[in-house]
There are 2 protein chains.
Amino acid sequence: MTHYEDPFYRLPSIPASFMSTYQRSCLVCYLKHYIDLSDVDQGLIAELEQEERSVTARERVLSGGDAVRMLFVIKSGWLFQDTDLADGRRHLVRTLLPGDVYGLGELSNTHASTHLTACTDAVICPFPKAALSTIILRSPRLAALLLDLSARDQVLYVDRLRAASRMSAKSRVLSLLLTMLDRLRVTGEGRGDAMDLPLNQSEIGDLLGLTNVSVSKAMVELQQSGVIERRRSRVTLLDRLAAAESVDHVDRYSSLDTAWFPDPSATG
Amino acid sequence: MTHYEDPFYRLPSIPASFMSTYQRSCLVCYLKHYIDLSDVDQGLIAELEQEERSVTARERVLSGGDAVRMLFVIKSGWLFQDTDLADGRRHLVRTLLPGDVYGLGELSNTHASTHLTACTDAVICPFPKAALSTIILRSPRLAALLLDLSARDQVLYVDRLRAASRMSAKSRVLSLLLTMLDRLRVTGEGRGDAMDLPLNQSEIGDLLGLTNVSVSKAMVELQQSGVIERRRSRVTLLDRLAAAESVDHVDRYSSLDTAWFPDPSATG
DNA sequence: CGCATAATTGATGGTTATCAAGACCAGTGG
DNA sequence: CCACTGGTCTTGATAACCATCAATTATGCG
């Protein structure tokens, strides 16, 4: 059994090196969970966050069809990628939390396939697509890490695809909550098994392929059956491991396979 | 309007350079559609296909949970990645056609998250995960291309996620057919708008989140409304562009954004 | 307090799942 | 040639689940 399959696996606590020279770089903090970063690496990443842009809740940062010139490191706040469907409905493609990078999934597109919308007030750091070339040239290990992150995003989509295809409304909502807790734990924001969910039920529905009504009913049921507690936008999972078991949930954020990476001594 | 949005966009015909030194490398043929490959690049890729392994239809090549030591270039035949659900049903994660690479989406996993099953007789070329490190070190442009391919796989999952979340059974089946035709056109196997589909309706159902019964009904309807023709396993789209329009289908295979790639002169 | 947004609740209908039976087809062997 | 076989596909009946619609209640903010 690998730790991927181990319901009792727990993420190691945040190392002391967390507070480094580049502590202000969200992405450095995030990536340090997965590999040791050389000074060169940290410098390369920190450069991506040279510029900052503040956006306000509900602001549309990018529209589908726009040329994708810049990618964004999310420094604070939540955003999501969404598209409009022909019949007027909306599909929420993914959410973006601090430490996430918008655009790794749009690399192959010259034009954005989705909108990018701020969910809460947020700070994002734009950097040009071509900055990834610099990273590839200068740091093979970071290049490998980028591939790994892209692969993980694929796995996450696969998980959601299975959920949307084959799971009940209640299970889908529960899966979402579990995944969100996993994500928050990476950056240390997740304290215990509770979280603030800045998405309303219509947005959750658009994320899961449900209506706001079904989301409401699913959450009421989850609450009444003692799986979750709610107060305002705060949701608490009362028994996270049991919940994870019940929907075959796997934590995709606890670690990445980095064994295949180039040797740290190798330079690009 | 970009060509992504242009329903009349057609893939440029296969360039003469198709017949190169490495013509026996499936992947070289495939990738040449997207960027010019230097001799070094072609050598690196061809090395991935040094070894060959033949598998027979229905053979399970890899089981979920197995350590992922090797990735595979698909040289001929069809395969798919599938998982078993808790209730005994099956989910088909993706299909793999010649030129595809199994494992780019499993890079971040030490152990396979899905089974790998041969759909028809097939020839696959195993290569170690670490070979990607070599590519990253030696060819920045290929590294960028790998990132691009991974990004495109993400986009494809997003398309399917939207379909599974919000589209009718009939539209989902039609979307699948359109995507398959797009894929076959890259390697030149797709002649016109007809194809042989080596998947039975249960497999199509597991791919789309439907039952075999719903797939059957959807296909009968598509046939009766004059959208498709069927004979045995052969399916023909009678008006591909109109069909694509009707389900908001976008060809993700016609091109990739490679403008952000490192300069060809740059060496890793 | 009053307004706007969000969440809940109940009634109804549509789409697909489920179940079951039969048709079709290719291959096999008597 | 024909019966038999196993797989696949089709068809119809029923049921489950979620969407949709509409009305009400709750929440948050000025």
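By convention in this document, chain letters (A, B, ...) are assigned in the order of the sequence lines, proteins followed by strands, and residues within each chain are numbered from 1.
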Problem - CZ on R69(B) to CG on L62(B), rounded to 0.5 Å - result: 10.0 Å
Any sub-3.5 Å donor-acceptor pair from [X]'s side-chain atoms to [Y]'s backbone N or O?
X	Y	answer
E106(A)	S113(A)	yes
H111(A)	G65(A)	yes
R172(A)	L208(A)	yes

Indicate yes or no: does [X] engage [Y] in a salt bridge with an N to O separation below 4.0 Å.
X	Y	value
D100(A)	R183(A)	yes
R252(A)	D159(A)	yes
D251(B)	R185(B)	yes
D84(A)	R90(A)	no
R166(A)	D206(B)	yes

Provide, to the nearest angstrom, the distance between the [atom1] atom belonging to [X] and the [atom2] atom belonging to [N].
X	N	atom1	atom2	answer
D196(A)	dA6(C)	CG	P	16 Å
D87(B)	dA16(D)	CG	P	17 Å
E221(B)	dG12(D)	CD	P	12 Å
M167(A)	dC18(D)	CE	P	11 Å
L222(A)	dA7(C)	CG	C1'	15 Å
L208(A)	dC17(D)	CG	P	18 Å

Exercise for the section: Report yes if at least one side-chain N or O of R166(A) is closer than 4.0 Å to OP1 or OP2 of dC17(D); otherwise report no. Expected result: no
Problem - Close approaches to DNA chain C from residues 210-218 of chain A, in residue order (heavy atom, under 4.0 Å) - result: V213(A), S216(A), K217(A)
Problem - Residues in contact with DNA chain C, drawn from residues 197-206 of chain B - heavy-atom cutoff 4.0 Å - result: none
Problem - Validation row: T117(A), V61(A) side chains within 4.5 angstrom (heavy atoms) - result: no
Practice task
Would you check if R94(B) and Y157(B) make a side-chain contact, meaning some heavy-atom pair closer than 4.5 Å?
Solution key: yes
Fill in the blank from the handout: Ranking A169(A) and R58(B) by the position along DNA chain D of their nearest nucleotide, the one closer to 5' is R58(B)
What N/O pairs connect the protein and nucleotides 27-30 of chain D at under 3.5 Å? Give each pair on its own line.
unit_1, atom_1, unit_2, atom_2, d
dG28(D), OP1, R232(A), NE, 2.8
dG28(D), OP2, R232(A), NE, 3.0
dG28(D), OP2, R232(A), NH1, 3.3
dG28(D), OP2, R232(A), NH2, 3.3

Practice task
Name the nucleic acid region contacted by R230(B), choosing base, sugar-phosphate or nothing; use a 4.0 angstrom heavy-atom cut-off, strictly under.
Solution key: sugar-phosphate
Handout entry: Of K170(B) and M219(A), the one whose closest DNA chain C nucleotide lies more 5'
Key = M219(A)
